[in-house]
J.: 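Before we start, here is the structure in question, set down as C-alpha cells.
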Amino acid sequence: MKKSKDLVAGITIVLLAAFYLSQIHQIRVFSGAGATVINSRTIPMLWGGLLMLLGIVLLVQGVKKMRHSETDLIPARTEELRQPHARLAVPGTFCLLTFYVIMMGTAGFVLATIFYLFLQIMLLNDSGKRIWWASGALAVGTALAVYLFFVHVMHVPLPAGVLD
C-alpha cells in the first residue's frame, strides 16, 4: 500500500486537474483596462497546468516506486514524516486557507495575505529554525508585491477591506 500511495494520489490529481482545465472556458473574460494577453482565464489556466504537471510528476514517482524496491532513503523519510510537526502541516494548511478566505472579505487582500503567509511559513518551517522577523518581512513583501502587480499591472481590483 505504501508504494501505491503516490500512484493513487497522482491519478487523482491528474483527473482533478483535467476537470479543472475543462471548466476554464466558462469563466467570463474580464479584460481590465484594455485588451491584453493576460485575462481572467490566464491565472486559472496557469494553476490548472501546474496542477496537471505536479500530478504527472507524482504519477511517475508512483510508477517508479511500484517498479523498484524500497531503498534505505524511504524509511528515513517515513520516520521524518512521523514527527508531530510534519503531521500538522496538511490539516493546518487547510485550516489556514479556510481562515484566509473568511478574512479576505473583512480585512482585505493585503492584511489577510500578510497574516496567512506569516502563519503558513511558521507552520511549514522546522520548529527549531523559525526566524520571526524574516518570515514577517517575506509575508509583507510578498503580499505587497502581489497586490501591486494585480492592481497596477493587470488592473484587477482586489478587496481593500479595512484599508479602504
Side-chain angles (χ1 to χ4, degrees), residues 1-21 23-24 42-62 64-65 70-154 156-164:
M1 182 64 182
K2 287 182 183 179
K3 293 179 184 178
S4 65
K5 283 185 179 179
D6 284 346
L7 190 62
V8 171
I11 290 170
T12 304
I13 291 172
V14 165
L15 291 174
L16 178 67
F19 175 74
Y20 180 83
L21 288 169
Q23 300 301 309
I24 290 177
T42 304
I43 299 299
M45 185 70 76
L46 177 69
W47 286 119
L50 288 174
L51 184 64
M52 178 68 77
L53 179 67
L54 292 174
I56 291 169
V57 167
L58 198 56
L59 190 60
V60 168
Q61 286 178 349
K64 284 182 181 179
K65 281 184 183 178
E70 292 185 10
T71 64
D72 293 333
L73 296 175
I74 293 175
R77 178 75 176 135
T78 304
E79 188 62 36
E80 183 181 304
L81 289 175
R82 288 189 183 141
Q83 295 175 357
H85 172 72
R87 284 185 277 152
L88 293 176
V90 173
T93 297
F94 280 114
C95 290
L96 284 175
L97 282 170
T98 302
F99 190 63
Y100 176 60
V101 170
I102 293 169
M103 274 184 48
M104 181 83 69
T106 55
F109 177 82
V110 174
L111 292 179
T113 303
I114 290 170
F115 186 69
Y116 165 74
L117 286 176
F118 179 75
L119 292 177
Q120 187 69 55
I121 292 168
M122 290 291 107
L123 177 69
L124 295 179
N125 255 345
D126 185 14
S127 59
K129 299 179 182 176
R130 292 186 178 149
I131 301 173
W132 299 94
W133 65 269
S135 301
L138 182 63
V140 169
T142 302
L144 291 176
V146 170
Y147 179 80
L148 292 172
F149 177 74
F150 271 88
V151 171
H152 294 292
V153 175
M154 293 181 61
V156 175
L158 294 173
V162 296
L163 298 178
D164 191 17

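All figures in this text were calculated on a predicted structure; none of them were measured in a lab.
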J.: Using the test side-chain contact (heavy atoms from CB on, under 4.5 Å), find all partners of Val60 that sit at least two apart in sequence or belong to another chain.
T.: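 In terms of side-chain contact (heavy atoms from CB on, under 4.5 Å), with neighbours along the sequence ignored, Val60 is linked to Ile56, Lys64.
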
J.: Please table the atom pairs, donor to acceptor, closer than 3.5 Å between any side-chain atom in residues 95-103 and protein atoms at least two apart or in another chain.
T.:
{"residue": "Thr98", "atom": "OG1", "partner": "Phe94", "partner atom": "O", "Å": "2.9"}
{"residue": "Tyr100", "atom": "OH", "partner": "Thr113", "partner atom": "OG1", "Å": "2.8"}

J.: Please round to the nearest 0.5 Å and tell me the distance separating atom CD1 of Ile24 and atom CG of Leu46.
T.: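 Output value for this atom pair is 9.5 Å.
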
J.: Mind listing the side-chain donor-acceptor pairs of residues 13-21 below 3.5 Å, one per line with the distance, residues two or more places apart or on another chain?
T.:
none

J.: Can you name the residues that form a ring pair (Phe, Tyr, Trp, His ring centres under 6.0 Å) with Phe109, not counting sequence neighbours?
T.: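 Ring pair (Phe, Tyr, Trp, His ring centres under 6.0 Å) list for Phe109, sorted by chain: empty.
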
J.: Identify the heavy atoms of Val8 and Thr12 that sit nearest to each other, and give their distance.
T.: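 What the structure gives for the nearest pair is O-OG1, 2.8 Å.
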
J.: Taking only residues two or more places apart in sequence, or in another chain, which ones meet Thr93 in a side-chain hydrogen bond (donor to acceptor under 3.5 Å, both in side chains)?
T.: Gln120

J.: Can I get a per-line list of side-chain donor-acceptor pairs under 3.5 Å for residues 139-154, giving both atom names and the distance, sequence neighbours left out?
T.:
{"residue": "Thr142", "atom": "OG1", "partner": "Leu138", "partner atom": "O", "Å": "2.8"}

J.: Nearest 0.5 angstrom please: Leu54 CG to Leu59 CG, how far?
T.: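 Between Leu54 CG and Leu59 CG, I get 12.5 Å after rounding to 0.5 Å.
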
J.: Any pair with a residue in residues 45-59 that passes side-chain hydrogen bond (donor to acceptor under 3.5 Å, both in side chains), sequence neighbours left out, goes on the list, sorted by first then second residue, please.
T.: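 side-chain hydrogen bond (donor to acceptor under 3.5 Å, both in side chains) check on residues 45-59 returns no pairs.
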
J.: Between Gly92 and Leu123, what is the shortest heavy-atom contact and its length?
T.: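 In this case the closest contact between Gly92 and Leu123 is C-CD2, 3.6 Å.
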
J.: Would you give the length of the straight line joining atom CE of Met45 to atom CG of Leu50, rounded to the nearest 0.5 angstrom?
T.: 12.0 Å

